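Keep in mind that this is a model prediction, so the values were computed, not measured. Numbered from 1 within each chain, the chains take letters A, B, ... in sequence-line order.
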Number of protein chains: 2
Amino acid sequence: MQTLGFIGLGIMGGHMACRLLEARLPLVVHTRTRSKASRLLARGARYAATPREVAAQCDMVFICVTDTPDVVSVITGEDGILAAARSGLVVVDHSTISPSATRELADELAVRGAILLDAPVSGGESGAKNGTLSIMVGGDKSAFERVEPLLRKMGATITHCGPSGYGQLTKLVNQILVSVTNLAVCEALAFAKKNNLDLERTIAALSAGAAGSWQLSNLGPKMIEGDFRPGFMVNLQQKDLRLILQAAEESNTSLPTTSLAHQLFTAAQAAGHGKDGTQALFTVIEKLASLH
Amino acid sequence: MQTLGFIGLGIMGGHMACRLLEARLPLVVHTRTRSKASRLLARGARYAATPREVAAQCDMVFICVTDTPDVVSVITGEDGILAAARSGLVVVDHSTISPSATRELADELAVRGAILLDAPVSGGESGAKNGTLSIMVGGDKSAFERVEPLLRKMGATITHCGPSGYGQLTKLVNQILVSVTNLAVCEALAFAKKNNLDLERTIAALSAGAAGSWQLSNLGPKMIEGDFRPGFMVNLQQKDLRLILQAAEESNTSLPTTSLAHQLFTAAQAAGHGKDGTQALFTVIEKLASLH
């Protein structure tokens, strides 16, 4: 019987690790704030003090932390996974981080015979809770096939996108679409509001046609109501935009609109909306549209 | 029995007038190029030499031409509708034109007791042909109710958006969404292509989630295939972007991203894509992403 490990039990990781319990395999968890593990420990998971100890006991280790330095620390830090890496170990990183850093980490693990799959997710807290995430996977195909049944506990759309880093690149493509389409909705509704249109009626009239998008149907109504509770936080969108622009620079790719989105989200952070949902971008665009 | 008129039998107007025949009311048509009327004349419509002669014979006159000056000419030009305007005449303008010019034309017709409804459409040639257009209507509510059964011959989603000009404003909101979401798809796919992702697989992985849009699902595959046949032409998108930026200026509204879309579509026109579909914007973004 295989043993699974999960490192990082934040909002996303906590739900995803709970879904993994349904595989009915032993689960070892680690997280910086041990209290976040209590729900899982009550359901039979064991706690390990370090990522190294998780890896030493497990055949597959799932990671869900925030940013590139966090994953680097979990893998290559003192008492990191690398210290216990060996042939057959598969590490699945669900964090959204740099594609090039991902490839470097994969190379380091490969020296010890271990395999890194990058497997960032989208779908937010509700997707994590309900096991309906989209999971974009890069790395060795046969390792992907080994973990795929477990990924299916957590996600509904599982795609093998290509070699190491390609899951991260695909997630960044997702984030370009999400952030610029959000901006389209913000400018459209700001123009509509400034011209006294009925905003609910406008969304209803337009969302079924060529103007339609997930962002319009889901964030548009929240923008109108001023409901800025986070589905996806501005600060995390900014982290991902930084990763996009960094990866774009590494590949000499000019992305003028994505860059503009990054700047406008910076204004949203400056206005105190960092921990609000990305629909709070509307307040910036609306103010910009109405300065006097 | 009421008599209907239709002025402007281009790609959109031709199909829409055909759908109107299903109302089984007398139809009088006028178009600058008389040969474009032959299909309708063969099905029982009568031809009138000028917009004035159409209006003189009809209770309701539908217009579908291109730009603001065309509508101004049809209504206020020599032998225009205004010369035959009288109490009870309803003029329905399906063209996408300036909201403020629309209000001025409505005022001029109102002096003669006639009513102008602005009723721009979206849904393209296939929507016009199949009677599934979205029609966004501004102007007098009871006149709207009179023409609504006829609009239902041409469209599937009919919305009364408010007073005169509000149909045009709603259409412009539609065009902000369409053009900026298109730009999101272009930058996302340019980034993906530059980084060697499989583009079909990328679209399949992302289109069901928060990144999803009509533009991604419908124009994305055409961008990949290099199929630039027009659903909606770049030159017409530019006309609409000009109307948006003009209306934004009139209402002191700053739209940085929409303005950027206008500039990038200008590059698409300069590169010879004016008569291609709006998905040809991808060639500009891809070249920009890859200049060396």
So does B:S95 get a backbone contact from the side chain of B:Q168, meaning a donor-acceptor N/O pair under 3.5 Å? yes
Just checking A:K129: does its NZ atom have more than 12 heavy atoms from other residues, nucleotides or ligands closer to it than 6.0 angstrom? no
For B:A247, is it the side chain, the backbone, both, or neither that has a heavy atom closer than 4.5 Å to a heavy atom of chain A? both
Tell me, do A:I203 and A:L189 make a side-chain contact under 4.5 Å, heavy atoms counted? yes
Partner chain A: residue of B:G162, B:A210, B:G138 with the largest heavy-atom pair count (under 4.5 Å): B:A210
Quick check against the 3.5 Å criterion: does B:K171 have a side-chain atom that pairs as donor or acceptor with the backbone of B:V137? no
Is A:R19 reaching over with its side chain to a backbone N or O of A:K153, donor-acceptor style, under 3.5 angstrom? yes
Is B:T181 in contact with chain A via its backbone, its side chain, both, or neither, using a 4.5 Å heavy-atom distance? both
Between B:T257, B:V178, B:I176, B:I244, who has the most heavy-atom pairs with chain A when the cutoff is under 4.5 Å? B:T257
Side chains of B:Q238 and B:T266 only: does a donor on one sit below 3.5 Å from an acceptor on the other? yes
Side-chain donor-acceptor pair under 3.5 Å between A:T258 and B:E187, yes or no? yes
Greatest number of heavy atom pairs closer than 4.5 Å to chain A - which of B:T132, B:L177, B:V180, B:T202: B:L177
Which atoms of B:N196 approach chain A - backbone, side chain, both or neither, heavy atom under 4.5 Å: both
Measure the acute angle between the ring planes of A:H273 and A:F228, then classify it against the limits of 30° and 60° as parallel, tilted or perpendicular. perpendicular
Between A:L216, A:N218, A:L197, A:T170, the one whose heavy-atom pairs under 4.5 Å with chain B are most numerous: A:L197
If you tally heavy-atom pairs under 4.5 Å against chain B, which of A:S213, A:A261, A:A211, A:S134 wins? A:A211
Chain A-proximal positions within residues 118-125 of chain B [heavy-atom distance under 4.5 Å]: none
For chain B, which of A:Q215, A:M136, A:Q175 has the most heavy-atom pairs under 4.5 Å? A:Q215
For B:T159, is it the side chain, the backbone, both or neither that has a heavy atom under 4.5 Å from a heavy atom of chain A? side chain
Has the side chain of A:R201 got a donor or acceptor atom that lies under 3.5 Å from a matching backbone atom of B:H160? yes
Using a 4.5 angstrom heavy-atom cutoff, name the option from B:N195, B:L288, B:L183 with the most pairs to chain A. B:N195
Please determine, among B:N252, B:L264, B:T157, B:D198, the option with the most heavy-atom pairs under 4.5 Å with chain A. B:N252
Is it true that a side-chain atom of B:K222 and a backbone atom of B:R229 form a donor plus acceptor pair closer than 3.5 Å? no
With a 4.5 angstrom heavy-atom cut-off, which part of B:N174 approaches chain A: side chain, backbone, both or neither? both
Distance-only polar pair, side chains of B:N235 and B:Q269, donor-acceptor under 3.5 Å: yes
If you count every heavy atom of other residues, nucleotides or ligands that lies below 6.0 Å from B:E249 atom CD, does the total exceed 12? no
Give a yes-or-no answer on whether the side chains of A:S251 and B:K194 include a donor-acceptor pair shorter than 3.5 Å. no
May I ask you to name which of B:L260, B:I158, B:L219, B:L172 has the most heavy-atom pairs under 4.5 Å with chain A? B:L260
